[in-house]
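This report concerns only the one structure given below.
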Number of protein chains: 2
Amino acid sequence: MRHKSFKASLCPVARSLDTIGEWWSLLIVRDALVGIRRFSDFQKSLRLAKNVLSTRLKKLVACGIMQQVPASDGSAYWEYALTQKGWELFPVIVALGQWGGSYLFSRGEKRLLVLDKRTGKPFRVQLHNAKGEILTANDLELVTVTN
Amino acid sequence: MRHKSFKASLCPVARSLDTIGEWWSLLIVRDALVGIRRFSDFQKSLRLAKNVLSTRLKKLVACGIMQQVPASDGSAYWEYALTQKGWELFPVIVALGQWGGSYLFSRGEKRLLVLDKRTGKPFRVQLHNAKGEILTANDLELVTVTN
DNA sequence: CCGTATCCATTCCGATACTG
DNA sequence: CAGTATCGGAATGGATACGG
């Protein structure tokens, strides 16, 4: 057992990490978000071992984040596309990128950035309450609810 | 080497994961966000081995996400508090929780939820462009910039 | 109460060889 | 190109014992 499972945790954050917290998983999703679909392209982009990529893709498919679709070029292989559940990881990726971009790069270092296609400006991820007001971590309260 | 390091990656997401992608790290931050500060309280909440907690806290302190402060009860020990850098992981946590809450709980299951203290309603994390318009994953474009 | 040190089983990753 | 199979080394996480 690598670590205790969080599958039964009441905390959605813990369950999320249990599902996509493994090394590579979110990076595969990131690549998929920017259009990568083929096995070899993931491998080239991420430079991870093929067996590991294979395992991760299978797991992502199994938990409904990605799906296999017939290759668009007519070849006999699969392509891997995000499902709706996978696309909705976009805010997670952007939040991670925003934080990393702020704190993990030195001046003068190059970095990748995701931009709004139309305006050419960066995305920002922000927290809102139901009224659309922007909130900070000081405004939070923790409760238990039932679905 | 458990996996390749992303420390030198151009991608902020990869660097973020390199920093806080280990098991437990983000859950420790989550606990800290809701007010946990003491070693034993982290341990009780997370039920992880003490040596692992110790290692993680050290690493979080080393990379500037948490800081040790003298215990508020006058005892000889430390408490662990988030730095600004740590607080700014809040959107990451909320995004993960939002996704997990949407997709990883069955009907009737209890789950934890973070609410806006004043309104008692849930937070939401959303993506905006510079004009404040809400965006989706279809609007993205990838570029390289220099700090 | 707050950790550190040690030990062990697990498993995880990367490399490589191989198949269709 | 798209994987699968196998292997060895490394590192991790949990348990536990110990010490301040």
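We name chains A, B, ... by the order of the sequence lines, and we start the count at 1 in each one.
Side-chain polar atoms of A/Thr119 and A/Asp116 form a donor-acceptor pair below 3.5 angstrom.
For B/Ser16, the side chain to side chain contact (heavy atoms under 4.5 Å, CB included) test picks out A/Leu96, A/Trp99, A/Leu104, with sequence neighbours left out.
Through chains of ILVMFWY side-chain contacts below 4.5 Å, A/Leu112 is grouped with B/Leu10.
When the P atom of C/dT11 is taken as reference, atom NZ of A/Lys4 falls 15 Å away, rounded to whole Å. For the pair A/Leu57 CG and D/dT4 C1', the computed distance is 14 Å after rounding to whole Å. Rounded to whole Å, atom C1' of D/dT4 lies 13 Å from atom OH of A/Tyr77.
A ring pair (Phe, Tyr, Trp, His ring centres under 6.0 Å) check over residues 25-61 of chain B, counting only residues at least two apart or in different chains, returns nothing. Within the structure, salt bridge (charged side-chain N to carboxylate O under 4.0 Å, His left out) pairs that include any residue of residues 64-76 of chain A comprise A/Arg38-A/Asp73 (at least two apart or interchain). Residue pairs meeting the salt bridge (charged side-chain N to carboxylate O under 4.0 Å, His left out) criterion with at least one member in residues 44-59 of chain A, sequence neighbours excluded: A/Glu22-A/Arg56, A/Glu22-A/Lys59, A/Asp41-A/Lys44. Among residues at least two apart or in separate chains, ring pair (Phe, Tyr, Trp, His ring centres under 6.0 Å) pairs with a member in residues 10-37 of chain B are A/His3-B/Trp23, A/Phe6-B/Trp24. The salt bridge (charged side-chain N to carboxylate O under 4.0 Å, His left out) pairs that include a residue from residues 122-145 of chain A are A/Glu133-B/Arg118, where partners are two or more places apart or lie in different chains. Within the structure, every pair that satisfies the ring pair (Phe, Tyr, Trp, His ring centres under 6.0 Å) test and touches residues 119-139 of chain B, not counting sequence neighbours, is listed here: A/His128-B/His128, B/Phe90-B/Phe123. Screening residues 26-37 of chain B for side chain to side chain donor-acceptor pair (under 3.5 Å), with sequence neighbours left out, gives B/Asp31-B/Ser45, B/Arg37-B/Glu79.
Checked for salt-bridge contact, B/Asp18 and B/Lys7 meet the test: a charged N lies under 4.0 Å from a carboxylate O.
Applying a 4.0 Å cut-off to non-hydrogen atoms, the residues of residues 10-41 of chain A that approach DNA chain D are A/Arg38, A/Phe39, A/Ser40, listed by residue number. Taken residue by residue, residues 42-56 of chain A places heavy atoms nearer than 4.0 Å to DNA chain D at A/Lys50, A/Asn51, A/Ser54.
Helical stems in DNA chain D, defined as runs of 3 or more consecutive Watson-Crick or G-U wobble pairs with donor-acceptor distances under 3.5 Å: C:3-20 with D:1-18.
The shortest distance between the side-chain N/O atoms of B/Tyr80 and the OP1/OP2 oxygens of C/dC2 is not below 4.0 Å.
Side-chain atoms of A/His3 lie closest to D/dG13 of the nucleotides D/dG13, D/dC1, D/dG3.
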